[in-house]
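Read the structure below first, then the notes.
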Amino acid sequence: MATPPTAFVAGATGYLGRALVYELAQRGARTVAHVRPDSSRSGQWKERFDAAGAEILALAWEHEPLLAALRQLRPTHVFCTIGTTRKSARVEGLQGSIYEEVDFGLTRLLVAACTELEHPPRFVYVSSLGTRENSRGAYLRARWRAEEAVRTSGLPYTIARPPIITGPGRDEPRPLERVGAAVMNALSRVGGLLGAQRFAARYRATDAEELAYGLVHAAFNYTTIDRVLEAEELRYRTANDREYYLPKSRRDADRH
Ligand SMILES: NC(=O)c1ccc[n+]([C@@H]2O[C@H](COP(=O)([O-])OP(=O)(O)OC[C@H]3O[C@@H](n4cnc5c(N)ncnc54)[C@H](OP(=O)(O)O)[C@@H]3O)[C@@H](O)[C@H]2O)c1
């Protein structure tokens, strides 16, 4: 790459956000990890992200400071992996429409700041499997509204709809997530055995490293601009990769 890209990661302290920061930094992008200014663990994050070669930016979730910081950074890519859960909203004392306020509200805020930049960045939004226009449930409805905010922003975008994201690196246990992943993995195995490989690749649980790989791969690929990607396109090995060139012989392979 002639000029390394600059990536801003919102939600960098989350399970997925961290993996994304590491993946981006490892691939040579200037990576800026956003941390809440009141985070009790900001010292720890600084140490971890410094070690990975990423920068840390503590910034309030307000339009003006966000816009000023983004104007200075001039990001080529903005990743949004923000999301709350009932448990963390309870700990923070949030009440009422928590997904509307956090998942949709903060995404919209970030999108709005990006649209005011002189050079609009590519906006990579992490939504969720199952998000549809008439989704039932507060979580998926907020996801749809956030997707719509991204889609109608005029920014180049990529929306990802991952399945359950689980793995050993999570700070909290989340037993329901693990049970859900086991069920989806069992169904996917059956689907795979019956030849439904795309179904299996869409519903099988993923972990933060695989998803971070898939997101970064998609974010730096022009074929994924202004597209919504389901999980089969966010794996280490995607259905599309298998359709790419396969050498017919050793001699062909040597030519590439
Ligand atoms: N987990 C799954 O199975 C799954 C499946 C599909 C899609 N998703 C979506 O994928 C994304 C990443 O998931 P994840 O499991 O990595 O999430 P996570 O570990 O819970 O991280 C969430 C991130 O959002 C931030 N955040 C939460 N509430 C906030 C608030 N009120 N104000 C500002 N920041 C706030 C957190 O910051 P702090 O660290 O400061 O709290 C953290 O950086 C989320 O949007 C999630 O909804 C998750």
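In this text, all values refer to a predicted model and were calculated from it rather than measured experimentally. Read the numbers this way: they start at 1 and go in the same order the structure lists the ligands and their atoms.
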Quick one: look up the protein heavy atom nearest [atom] and list residue, atom name and how far away it is.
| atom | result |
| --- | --- |
| atom 12 (C) of ligand 1 | Thr81 O, 3.5 Å |
| atom 31 (N) of ligand 1 | Glu92 OE1, 3.3 Å |
| atom 34 (N) of ligand 1 | Arg36 NE, 3.4 Å |
| atom 21 (O) of ligand 1 | Gly14 CA, 3.2 Å |
| atom 15 (O) of ligand 1 | Arg170 NH2, 2.5 Å |
| atom 19 (O) of ligand 1 | Tyr15 N, 2.9 Å |
| atom 38 (P) of ligand 1 | Thr13 OG1, 3.3 Å |
| atom 10 (O) of ligand 1 | Val126 CG1, 3.5 Å |

Could you pull out, from [options], the option with a heavy atom nearest to [atom]?
| atom | options | result |
| --- | --- | --- |
| atom 3 (O) of ligand 1 | Ile165, Asp103, Val9 | Ile165 |
| atom 27 (C) of ligand 1 | Ser42, Gly130, Ser88, Gly83 | Gly83 |
| atom 18 (P) of ligand 1 | Arg174, Glu172, Arg18 | Arg174 |
| atom 5 (C) of ligand 1 | Ser127, Pro163, Ser40 | Pro163 |

Side-chain donor-acceptor pair under 3.5 Å between [X] and [Y], yes or no?
| X | Y | result |
| --- | --- | --- |
| Arg122 | Thr224 | yes |
| Ser88 | Thr85 | yes |
| Tyr125 | Arg143 | yes |

Give a yes or no on whether Arg132 atom CZ has more than 12 heavy-atom contacts from other residues, nucleotides or ligands under 6.0 Å away.
->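 It does: Arg132 CZ has more than 12 such atoms within range.
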Report, as yes or no, whether the 6.0 Å neighbourhood of atom CD on Glu172 holds more than 12 heavy atoms from other residues, nucleotides or ligands.
-> yes
Shared-cluster residues of Phe104, by chain and number - hydrophobic side chains joined below 4.5 Å = none
Polar-atom distance check: [X] versus ligand 1, any N or O pair below 3.5 Å?
| X | value |
| --- | --- |
| Gly11 | yes |
| Thr85 | no |
| Ile82 | yes |

Is any NZ, NE, NH1 or NH2 atom of the basic residue among Arg151 and Glu148 found under 4.0 Å from an Asp or Glu carboxylate oxygen of the other?
-> yes
Should the proximity of [X] to ligand 1, defined as any heavy atom under 4.0 Å, be assigned to the side chain, the backbone, both, or neither?
| X | answer |
| --- | --- |
| Tyr139 | side chain |
| Leu106 | side chain |
| Arg143 | side chain |
| Val102 | side chain |

With sequence neighbours excluded, give me every salt bridge (Lys or Arg N to Asp or Glu O under 4.0 Å) pair touching residues 205-225.
-> Glu210-Arg235
Test item: Arg27 and Glu23 side chains (from C-beta on) under 4.5 Å apart, heavy atoms |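 In contact.
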Examine Val150 and Leu16 and state if one hydrophobic cluster contains both, with Ile, Leu, Val, Met, Phe, Trp and Tyr joined whenever side-chain heavy atoms are less than 4.5 Å apart.
-> no
Is the centre of the Tyr139 ring less than 6.0 Å from the centre of the Tyr99 ring?
-> yes
Element-labelled atoms of ligand 1 that are located less than 4.0 Å from some non-hydrogen atom of Ile164 | 3 (O)
Enumerate the atoms of ligand 1 whose separation from the nearest heavy atom of Trp61 is less than 4.0 angstrom.
->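 In order of number, 33 (C).
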Roughly how far apart are Arg71 CZ and Glu116 CD, rounded to 0.5 Å?
->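 Here the rounded value is 6.0 Å.
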OG1/Thr6 to NE2/His119 distance, rounded to the nearest 0.5 angstrom?
->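 Output value for this atom pair is 12.0 Å.
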Would you say Pro162 contacts ligand 1, with heavy atoms under 4.0 Å as the rule?
-> yes
